[in-house]
Protein chains: 2
Amino acid sequence: MNLQELFGKRVRELRQKQELSQEALAFKAGIDRTYMTSIENGKRNVSIQNIEKVITALDVPVKDFFASDIFIEGKK
Amino acid sequence: MNLQELFGKRVRELRQKQELSQEALAFKAGIDRTYMTSIENGKRNVSIQNIEKVITALDVPVKDFFASDIFIEGKK
DNA sequence: ATGTGACTTGTAGTCCGTG
DNA sequence: ACACGGACTACAAGTCACA
């Protein structure tokens, strides 16, 4: 599992914890709903600017976003 | 200071700690030497796949890479 | 409300150089 | 060793119709 997929997984995790829909989060982040879908599913090679938008929309510091065990290598 | 700039700053920090040249790191990461320059200077909107390449080349887990106080918001 | 394939446009990323 | 620039190609951004 690469970082691209892990990122999507983490976004979904944090989004669901807040009981937000993809649409609502996409709106907060200022990106398209369908684009958010493909991000969460690890289909897109997202750029750092959009990464920042999404993390900001999740209301979590970047540091905390990546402070998860899924970001320690060797995960499936 | 946005995430793009913070990323470059952090890359430079970790690279210099290992006494690697930009060229050497770029080679390890499999990306262009001139591109590494602009990444460190926060000039490029890097994609997550290249982010992963760089972090991997730095021999640090993703989690640790972002476990720095510069990634708590409100930094200059 | 979420997911997918297909598409166009802008830019990421490469490769050649310069100081 | 680092920064920057021009010219090029590959690919991400962004949107849509449809399921």
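Lettering follows sequence order; numbering is per chain, from 1.
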**Study point:** Residues in salt bridge (Lys or Arg N to Asp or Glu O under 4.0 Å) contact with E5(B), at least two apart in sequence or another chain
**Key:** none

Exercise for review: Sort and list the pairs that fulfil ring-ring contact (aromatic ring centres under 6.0 Å, His included) and have at least one residue in residues 2-34 of chain B, not counting sequence neighbours.
Suggested key: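 Pairs touching residues 2-34 of chain B that pass the test: F7(B)-F65(B).
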
For [X], what residues pass the side chain to side chain contact (heavy atoms under 4.5 Å, CB included) criterion, not counting sequence neighbours?
| X | answer |
| --- | --- |
| N45(B) | S47(A), I48(A), Q49(A), Q4(B) |
| E52(B) | N2(A), L3(A), T56(B) |
| E23(B) | S21(B), R33(B) |
| T37(B) | Q22(B), N41(B) |

Check your understanding: So with a 6.0 Å cut-off around CD of Q16(A), is the heavy-atom count from everything else above 12?
Key ->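 Count over threshold, so yes.
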
Check your understanding: For the helix from dT2(C)-dA19(D) to dG19(C)-dC2(D), what is the angle between the axes at its two ends, each from 5 pairs, rounded to 10°?
Key ->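 Answer rounded to 10°: the end axes differ by 50°.
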
**Study point:** Strand-adjacent residues in residues 28-39 of chain B, judged by heavy atoms under 4.0 Å from DNA chain D
**Key:**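 Residues of residues 28-39 of chain B under 4.0 Å from DNA chain D: R33(B), T34(B), T37(B).
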
**Study point:** Interface with DNA chain D, restricted to residues 40-59 of chain B and to heavy atoms under 4.0 Å
**Key:**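 Listed by number, they are N41(B), K43(B).
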
Point to revise | Partner of I55(A) under side-chain contact (heavy atoms from CB on, under 4.5 Å), chosen from V62(A), V11(A), N50(A) | key: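 So, applying the side-chain contact (heavy atoms from CB on, under 4.5 Å) to I55(A) and each of V62(A), V11(A), N50(A), only V62(A) qualifies.
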
Practice item. Indicate the atoms forming the closest heavy-atom contact of L25(B) with A57(B), along with that distance. Key: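 Reported closest heavy-atom pair: CD1-CB, 3.6 Å.
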
**Study point:** For the student: nearest non-hydrogen atoms of R10(A) and D64(A), plus distance
**Key:**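 Scanning both residues completely, I find the closest heavy atoms to be NH2-O, 3.1 Å.
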
Could you check if a side-chain atom of [X] sits within less than 4.5 angstrom of a side-chain atom of [Y], using non-hydrogen atoms only?
| X | Y | answer |
| --- | --- | --- |
| L58(A) | K28(A) | no |
| V46(B) | V54(B) | no |
| M36(A) | R15(A) | no |

Practice item. Please report the C-alpha distance between I39(A) and I31(A) in whole Å, then the side-chain angles of each, then the deciding distance to 0.1 Å, and finally whether the side chain to side chain contact (heavy atoms under 4.5 Å, CB included) criterion is met. Key: CA-CA 11 Å; I39(A) 288 175; I31(A) 66 183; 4.0 Å; yes

Output one line per pair: protein atom, nucleotide atom from nucleotides 8-10 of chain D, and distance, for all N/O pairs under 3.5 Å.
none

Review point. What are the residues of residues 19-26 of chain A, sorted by number, that bring a heavy atom to within less than 4.0 Å of DNA chain C?
Key: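 Residues of residues 19-26 of chain A under 4.0 Å from DNA chain C: S21(A), Q22(A), E23(A).
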
Check your understanding: Which is the 5'-most and which the 3'-most nucleotide of DNA chain C that has an atom under 4.0 Å from a heavy atom of chain A?
Key ->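 Result: dA1(C) to dA6(C).
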
